[in-house]
Amino acid sequence: MDNLISLVNKIQRACTALGDHGEASALPTLWDSLPAIAVVGGQSSGKSSVLESVVGKDFLPRGSGIVTRRPLVLQLHKSDEGTREYAEFLHLPRKRFTDFAAVRKEIQDETDRETGRTKQISSVPIHLSIFSPNVVNLTLVDLPGLTKVAVEGQPESIVQDIENMVRSYIEKPNCIILAISPANQDLATSDAIKISREVDPTGERTLGVLTKIDLMDKGTDAVDILEGKSYRLKFPWVGVVNRSQADINKNVDMIAARRREREYFASTPEYRHFAHRMGSEHLAKMLSKHLETVIKSRIPGIQSLINKTIVELETELSRLGRPIAADAGGKLYSIMEICRIFDQNFREHLDGVRSGGDKVYNVFDNQLPAALKRLQFDRQLSMENIKKLITEADGYQPHLIAPEQGYRRLIESTLVTIRGPAEAAVDAVHSILKDLVHKAISETPELKQYPGLRVEVGNAAIESLDRMRDQSKKAALQLVDMECCYLTVEFFRKLPQDVEKGGNPTQSIFDRYHETYLRRIGRFLKTRKRFLE
């Protein structure tokens, strides 16, 4: 069972290293699921002395006001007999402290690093592991002492801030509450009992510890409390006798203090009958055993949460993709490789491997011919327009043969209307290619890992398409203009002649442009129009 506590200790250390402190989260965290013993008490309740008695070392900061300003996760590891005692901090993994006065100083310094040299508090825990043959395997969380009044240098909200921090720990169902109350004060005014009763009204998660029994007024005792008559909990109360301030000042040894504690309960008539379950040594063994029992009952839930978290993290890592190189050359190679994959996906859309390329073909096979058919060629080739252009082409000097200049004007004014459908076809292809770019980007998983690169690739592709659209429009309109200008002699030879076979070739030029002649020109140009379609 000792291995279970050690395993939970490792998981707690991993949670802290990963920033999981079990608070300010709407979702259950691994820290929340781990059983822990939270030490709760008011200022001057003897909370620090209880912890030092359990450990058997003088290592916690002392002073007036709020001394504990960050949660201290204290992990005790029982080592083999004869081995040297030492301590380690999670934030100093390679440094061992054998001088516990240096441990006290490091706790103060690490607190100041997080909160500054003010009297502010922080919810970020300090992890301290102590290895000793004189301890039991146990994990305790020392929380800031509850207070009722803010002292100089503290904000007015400090009272509520501390209570909120303590409550965030003890209200979790996996937390065991170690409520420290002084025996020389009325139990009804105990800060620890008050707040633990609010979160654990049945007392199933609360372990009561009564301190300063030896400082009670003469003629009074704590028998009713220790026997559970004054305030009943599921588990028996434990009384402890800590070192006095005079003992601390004289550096009284912890081993001697424990011996005096045992002698006090054994020699005091009121407590003699349950002296076997009193004292800091019994408290440490009871807490260790109880923590083991709770951990054992929570193992299935912890294992399930860990497995679920692993699956979620693996899914997230898979979505993020493989890590990118740290050097500039490696980064450039990775970017080029991602762009190559995007380009391949885009080509597959055009080539028919993926859907979308057929829409480009549809523009030329259906959309452009349909647009040409909708052109108002009949308006250009109406009798009035033909007569007007042919007649005006003679100017002041009538032609002796077919008026080529009039034909050219008539044909060019008709062909120029093709410019609109040609431009529309280019715009349609441009729109389709833009859609294919967005599809290719969404189908490139590597771009999802780097949103910034995804935006840049998309912008570069769209800018390139816009540039090519302008160039394509210019080329398409040039082709239309070329068709307008390319009217050969052979074309005019095929124009209908007014003089039919056997007719009078010497007919007057003033009769040349009568209605029948103009209608035949119109029919011929309409035939040419259908040929263009």
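Just so you know, these numbers use all the heavy atoms, side chains as well, and skip hydrogens, waters and symmetry mates. None of the values given here were measured: they were computed from a predicted structure. For this chain, numbers begin at 1 and follow the sequence in order.
The distance from the CD1 atom of I195 to the CD1 atom of I177 is 8.5 Å, given to the nearest 0.5 Å. To the nearest 0.5 Å, the span separating CG on L283 from CG on L287 amounts to 4.5 Å. In this structure, R277 CZ and M286 CE are separated by 10.0 Å, a value rounded to the nearest 0.5 Å. To the nearest 0.5 Å, atoms CD (E204) and CG (L233) are separated by 11.0 Å. For the atom pair OH (Y169) and CG (N174), the distance works out to 14.0 Å, reported to the nearest 0.5 Å. Rounding to the nearest 0.5 Å places CD1 of I341 at 12.0 Å from CE of M336.
With respect to the salt-bridge test (charged N to carboxylate O, under 4.0 angstrom), the residues E348 and R354 qualify. For K194 and E198, the salt-bridge test passes: some basic side-chain N is under 4.0 Å from an acidic carboxylate O. Between K439 and E443, no side-chain nitrogen of the basic residue sits less than 4.0 Å from a carboxylate oxygen of the acidic one, so the salt-bridge criterion is not met. Here D58 pairs with R243 in a salt bridge; the nearest charged N to carboxylate O distance falls below 4.0 Å.
Between W237 and Y231, the ring planes lie perpendicular to each other; the angle is over 60°, past the 30° to 60° tilted range. By the 30° and 60° cut-offs, the orientation of the rings of Y264 relative to Y271 is tilted.
Side-chain contact annotation: S196 with D200, donor-acceptor N/O pair under 3.5 Å absent.
Of the candidates V124, D142, I121, R70 forms a side-chain contact (heavy atoms from CB on, under 4.5 Å) with just one, namely V124.
Using a distance-only test at 3.5 Å, with no hydrogens or angles considered, a donor-acceptor pair links the side chain of S334 to the main chain of G330. In this structure, the side chain of T444 engages the main chain of A440 through a donor-acceptor pair within 3.5 Å. Although no hydrogens or angles enter the test, the distance criterion places no donor-acceptor pair under 3.5 Å between the side chain of K285 and the main chain of E281. In this structure, S190 contributes its side chain and L187 its backbone to no donor-acceptor pair below 3.5 Å. In terms of modelled atom types and a separation under 3.5 Å, the side chain of S132 and the main chain of N134 share a donor-acceptor contact. The backbone N or O of Q303 lies less than 3.5 Å from a partner atom in the side chain of N307, making a donor-acceptor pair. Between the side chain of T268 and the main chain of F265, no donor-acceptor pair closer than 3.5 Å is present.
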Give the intermediate values and the outcome of salt bridge (Lys or Arg N to Asp or Glu O under 4.0 Å) for residues E171 and R205.
-> CA-CA 10 Å; E171 67 184 0; R205 296 189 292 115; over 6 Å; no

Show your working on salt bridge (Lys or Arg N to Asp or Glu O under 4.0 Å) between R69 and D112 and close with a plain yes or no.
-> CA-CA 9 Å; R69 293 185 285 122; D112 291 340; 2.8 Å; yes

How far apart are the C-alpha atoms of E337 and R340, what are their side-chain angles, what is the distance that settles it, and do they pass the salt bridge (Lys or Arg N to Asp or Glu O under 4.0 Å) test?
-> CA-CA 5 Å; E337 185 67 15; R340 185 193 64 77; 2.8 Å; yes

Please lay out, stage by stage, how E106 and H91 fare under the test side-chain hydrogen bond (donor to acceptor under 3.5 Å, both in side chains).
-> CA-CA 10 Å; E106 181 58 31; H91 61 275; 2.9 Å; yes

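For R347, the CZ atom counts as loosely surrounded, since its 6.0 Å shell holds 12 or fewer non-hydrogen atoms of other residues, nucleotides or ligands. Around CZ of R113, the count of heavy atoms belonging to other residues, nucleotides or ligands within 6.0 Å exceeds 12.
Nearest heavy-atom pair across C175 and I170 is SG-CA, 3.8 Å. Scanning both residues, V73 and P125, for their nearest heavy atoms gives CG2-CB, 3.9 Å. I441 approaches G458 most closely through the heavy-atom pair CD1-CA, 3.4 Å. Residues F100 and A87 share a closest heavy-atom pair of CE2-CB, 4.2 Å. The nearest pair of heavy atoms linking L51 to F59 is O-CE2, 4.4 Å.
E88 has its side chain within reach of F131: a pair of non-hydrogen atoms, C-beta onward, lies under 4.5 Å apart. At a threshold of 4.5 Å between non-hydrogen side-chain atoms, the residues I302 and L305 do not count as touching. Within the 4.5 Å cutoff, no side-chain heavy atoms of V39 are placed close to those of L72.
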